[in-house]
Amino acid sequence: MEFKQSLFLLLSLLVCVKTGAENVILPPVQSVSNNQIITQINGINTIHGSLHFAEKYILNSTLDNNDTKTYYSDGAYSMSALITRINVNKLDSLIATSSDKKVTYLPKDIINETIDTEVFDGSTLSITYYGKDHVNVEYVCTGIIPLPGQRIARNKDSQYGKSWKCMVNTVCNSKTELIRRSVCRLIVGGTELGTGTLINNTDEDLRPYVLTSAHVFKGNPKSSVKALFGFEVEDCDRPSEPAQSETETITNLELLCFYPEYDIALFELNSIPSETVNPYWTGWDISGLIDDKEEYICIHHPYGDVKKVSVGTDLKLDDYSLTGAKTPEGYRFASNVHYNVQTWLTGTTQGGSSGSGLWNNDNKLMGVLTGGYGSCTELGRDYYWSLALAWDKKNGDYMSLHEVLDPSNTQTMQLSGRDLYSKESSKYEPIDGDKTVLVERDYGLTTIIADKISEIQIHSLDGRLLNHTRVDSLNSISVNTSAWSNKLILINVKFGNTNKETIKVMAK
């Protein structure tokens, strides 16, 4: 009898009913231990790599108007989906619902005609489309381990503190006060956890570039990327407490640099992080000068946990141990392009730390983590690819770091960071034009209506940049202004594919 009931339930979930609702059963999640996450090569525990926290299932299923599909994976800790082939002008709304949360996506949420949903708790995800066209669910990702920072729907237990016990919260180290605000947690392709760093360029135009490592893309540079800013605790005396600070997730716009042999990856976000998370554009050093006695700082999200800080010394330029052999992602690294942190004085690295930065005593980024052997008992042998040695490397149609971070070819070797929401950092020079634009403000939103908007910049009256968003010829865009204390704002709108046609308007 029990078998018949189970069979009936399974068949009912697999059948599409006439109302437009359909249930899709995905394979059940297999439990994964920490030991299984450590990659083994030639019998040796090696690179910690990105943290593989979910499995991806390619579906390519279509939803027409008023269709709902519910995806279920027995035992899954989390669910997410990538929705593609969306006609921006016709999309009305798309709703994603989990066991305890509902999120509505509107046209303003769409980047490059896709919606990369957030990661929802639990084993069930329903997607409903309302519109005049259709959308495609390209894939669904099911979580195989608890994503740190989430509350698991089944037991509501907090999953903070899943990184190794020797890790130290950034707030406990005063040297990280500025640079930690540049660090974000990455979710790549819906299945990988890594770390990225918001980085300045010599034009200091506040382009939201994020630097990380190529191997977190698992060989697929077209993977979607979500960057989570502000994921940290604020009180060192209570390090086990959940994150107190505001967080903000931003989707990538475009991958600009990608060179697996040097582990280089740099992408641009679709908008700048808001004042709520108080971002910092870190500076960098490509002089190649190192001091083996100096202390170097790494800020990262090990195991996807809140921001941690590791302090190391005995730095030297070295071959990464996998030179000449393939990494788990199939890459071969060039020789002598990595800095080897031989000794950790504080903390270490772990799966999910990949892509995190290494700073010198001047708070300038000089390397990015590929991987290594570090653990709470093996306090050293972690490898960071060198910005100095990777600077001019170019791969196919992708740009070099030099072209992106020094676009005017100033030959700068050491660049300071930029504190966006500091009044002194503003370099805004408003440009007037002869275009017209309609601005509507309601319930914390500013909606800008114009013809073929390509870019907007919003400033306070004292010149501080509050928002910078690049879009692809939309006729309207809405910006959330609820976090801004300013009553008056300046809006600088660019049209079409040119930087010359602009207009400055003012909204109250």
Side-chain angles (χ1 to χ4, degrees), residues 47 49-50 56 58 82 84 111-114 116 138-139 186-192 194-203 205 207-227 251-270 284 286 288 319-320 322-339 354-357 365-371 383-412 470 472 497:
I47 84 171
S50 56
K56 180 184 295 184
I58 306 297
L82 183 72
T84 61
I111 304 301
N112 294 335
E113 299 189 345
T114 67
D116 188 8
E138 183 172 320
Y139 61 72
L186 303 181
I187 296 179
V188 181
T191 65
E192 306 301 317
T195 304
T197 304
L198 192 64
I199 190 166
N200 198 14
N201 70 77
T202 55
D203 281 359
D205 55 6
R207 296 287 287 272
Y209 297 135
V210 173
L211 189 65
T212 186
S213 288
H215 75 268
V216 301
F217 285 80
K218 294 291 183 182
N220 183 10
K222 294 184 179 180
S223 295
S224 64
V225 184
K226 292 192 286 287
T251 306
N252 71 306
L253 176 70
E254 183 180 8
L255 184 65
L256 299 175
C257 305
F258 189 74
Y259 200 168
E261 186 179 356
Y262 284 80
D263 212 15
I264 301 168
L266 181 147
F267 58 89
E268 183 173 6
L269 297 171
N270 71 299
W284 39 261
I286 59 165
D319 264 358
Y320 187 56
L322 292 177
T323 299
K326 286 188 176 181
T327 71
E329 295 78 35
Y331 302 148
R332 288 184 174 89
F333 298 123
S335 301
N336 289 309
V337 297
H338 284 85
Y339 295 126
S354 284
S356 56
L365 191 74
M366 53 180 296
V368 178
L369 181 65
T370 290
Y383 296 82
Y384 294 75
W385 59 266
S386 163
L387 263 69
L389 296 175
W391 190 246
D392 288 303
K393 302 301 177 183
K394 190 170 181 177
N395 176 32
D397 294 332
Y398 293 102
M399 302 170 70
S400 68
L401 293 174
H402 188 167
E403 291 171 314
V404 176
L405 299 180
D406 187 15
S408 302
N409 196 26
T410 63
Q411 301 298 314
T412 299
R470 294 175 64 206
D472 185 15
N497 297 317

*Asks:* Can you tell me if Asn252 and Glu254 form a side-chain donor-acceptor pair at under 3.5 Å?
*Replies:*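 No, because no side-chain N or O of Asn252 sits under 3.5 Å from a partner of the opposite role on Glu254.
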*Asks:* I'd like to check the side-chain contact (heavy atoms from CB on, under 4.5 Å) partners of Thr191; sequence neighbours left out, ordered by chain and number.
*Replies:*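 Applying side-chain contact (heavy atoms from CB on, under 4.5 Å) to Thr191 gives His52, Ala54, Lys56, Cys141.
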*Asks:* Write down the atom of Ser354, the atom of Val216, and the distance for their closest heavy-atom approach.
*Replies:*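 Looks like CB-CG1, 3.8 Å.
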*Asks:* Just do the side-chain contact (heavy atoms from CB on, under 4.5 Å) check on Asp263 and Val368 with the steps written out, would you?
*Replies:* CA-CA 9 Å; Asp263 212 15; Val368 178; over 6 Å; no
*Asks:* Are the side chains of Thr114 and Ser224 in touch, meaning some heavy atoms are under 4.5 Å apart?
*Replies:*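 A side-chain contact under 4.5 Å is absent here.
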*Asks:* Got a second to check how far Met366's CE is from Tyr339's OH, nearest 0.5 Å?
*Replies:*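 The OH atom of Tyr339 is 4.0 Å from CE of Met366, to the nearest 0.5 Å.
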*Asks:* Please enumerate all residues that pass side-chain contact (heavy atoms from CB on, under 4.5 Å) together with Ser408, with sequence neighbours excluded.
*Replies:*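 For Ser408 the side-chain contact (heavy atoms from CB on, under 4.5 Å) partners, ignoring immediate neighbours, are Asp203, Thr410.
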*Asks:* With sequence neighbours excluded, tell me which residues meet ring-ring contact (aromatic ring centres under 6.0 Å, His included) with Tyr262.
*Replies:*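 Counting only residues at least two positions away or on another chain, Tyr262 forms a ring-ring contact (aromatic ring centres under 6.0 Å, His included) with Tyr259.
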*Asks:* Could you check Ser335 against Asp319 for side-chain contact (heavy atoms from CB on, under 4.5 Å), going step by step and ending with a plain yes or no?
*Replies:* CA-CA 5 Å; Ser335 301; Asp319 264 358; 3.4 Å; yes
*Asks:* Give the minimum heavy-atom separation between Ser223 and Phe217, together with the two atoms involved.
*Replies:*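 Looking at all heavy atoms of both residues, the closest pair is OG-O, 3.9 Å.
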*Asks:* Checking Asp397 now: which residues fulfil side chain to side chain donor-acceptor pair (under 3.5 Å) with it, not counting sequence neighbours?
*Replies:*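 Expected list: none.
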*Asks:* Only counting residues at least two apart or in another chain, list the ones meeting salt bridge (Lys or Arg N to Asp or Glu O under 4.0 Å) with Glu403.
*Replies:*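 Per chain and number, Glu403 pairs via salt bridge (Lys or Arg N to Asp or Glu O under 4.0 Å) with Lys394.
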*Asks:* If the condition is ring-ring contact (aromatic ring centres under 6.0 Å, His included), which residues does Tyr139 pass it with, not counting sequence neighbours?
*Replies:*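 Result, ring-ring contact (aromatic ring centres under 6.0 Å, His included) vs Tyr139: none returned.
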*Asks:* Taking side chain to side chain donor-acceptor pair (under 3.5 Å) as the test, write out the residues that go with Asn200, two or more places apart.
*Replies:*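 If we apply the side chain to side chain donor-acceptor pair (under 3.5 Å) test to Asn200, skipping adjacent residues, the hits are Glu204.
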*Asks:* Report yes if some heavy atom in the side chain of Pro208 is under 4.5 Å from a heavy atom in the side chain of Glu268; otherwise report no.
*Replies:*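 Yes, close enough: below the 4.5 Å cut-off.
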*Asks:* Nearest 0.5 Å, what's the CG-CD1 distance between Leu401 and Ile286?
*Replies:*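 That separation rounds to 9.0 Å.
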*Asks:* To the closest 0.5 Å, what do you measure between CD1 (Ile187) and OG (Ser50)?
*Replies:*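 It comes to 12.0 Å.
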*Asks:* Could you measure the distance from the CG atom of Leu365 to the CG atom of Leu198? Nearest 0.5 Å is fine.
*Replies:*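 Between atom CG of Leu365 and atom CG of Leu198 there are 11.0 Å.
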*Asks:* Looking at every heavy atom in both Thr251 and Asn270, which two are closest together, and how far apart are they?
*Replies:*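 Minimum heavy-atom separation between Thr251 and Asn270: O-OD1, 2.7 Å.
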*Asks:* Check side chain to side chain donor-acceptor pair (under 3.5 Å) between Asp205 and all other residues, then give those that pass, not counting sequence neighbours.
*Replies:*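 Partners of Asp205 under the side chain to side chain donor-acceptor pair (under 3.5 Å) test: Asn201.
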*Asks:* Not counting sequence neighbours, which residues clear salt bridge (Lys or Arg N to Asp or Glu O under 4.0 Å) with Lys226? List them please.
*Replies:*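 Testing Lys226 for salt bridge (Lys or Arg N to Asp or Glu O under 4.0 Å), a comparison that skips the adjacent residues, returns Asp116.
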*Asks:* What is the minimum heavy-atom distance between Asn395 and Pro260, and which atoms define it?
*Replies:*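 Where Asn395 meets Pro260 most closely, the heavy atoms are ND2-CD, 3.9 Å.
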*Asks:* Which word best sums up how the rings of Trp284 and Trp391 line up, parallel for under 30°, tilted for 30 to 60°, or perpendicular for over 60°?
*Replies:*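 Correct class here is tilted.
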*Asks:* State the CG-CZ distance between Leu256 and Arg207, to the nearest 0.5 angstrom.
*Replies:*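 It is 7.5 Å, given to the nearest 0.5 Å.
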*Asks:* Taking the side chain as every heavy atom from C-beta outward, state whether Pro407 and Thr202 have any pair of such atoms under 4.5 Å apart.
*Replies:*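 They are in contact (side-chain heavy atoms under 4.5 Å apart), so the answer is yes.
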*Asks:* Just by modelled atom types, is the His402 backbone N or O under 3.5 Å from a matching donor or acceptor in the Asp392 side chain?
*Replies:*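 It does not hold such a pair.
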*Asks:* Return the minimal non-hydrogen interatomic distance between Trp385 and Ser213, and the atom names on each side.
*Replies:*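 The answer is NE1-OG, 3.1 Å.
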*Asks:* Can you give me the closest heavy-atom contact between Gln411 and Asp406, atom names plus distance?
*Replies:*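 Answer, listing the atom of Gln411 first, then Asp406: N-OD2, 2.9 Å.
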*Asks:* If you measure from CG on Leu186 to OG1 on Thr195, what distance do you get to the nearest 0.5 Å?
*Replies:*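 The OG1 atom of Thr195 is 6.5 Å from CG of Leu186, to the nearest 0.5 Å.
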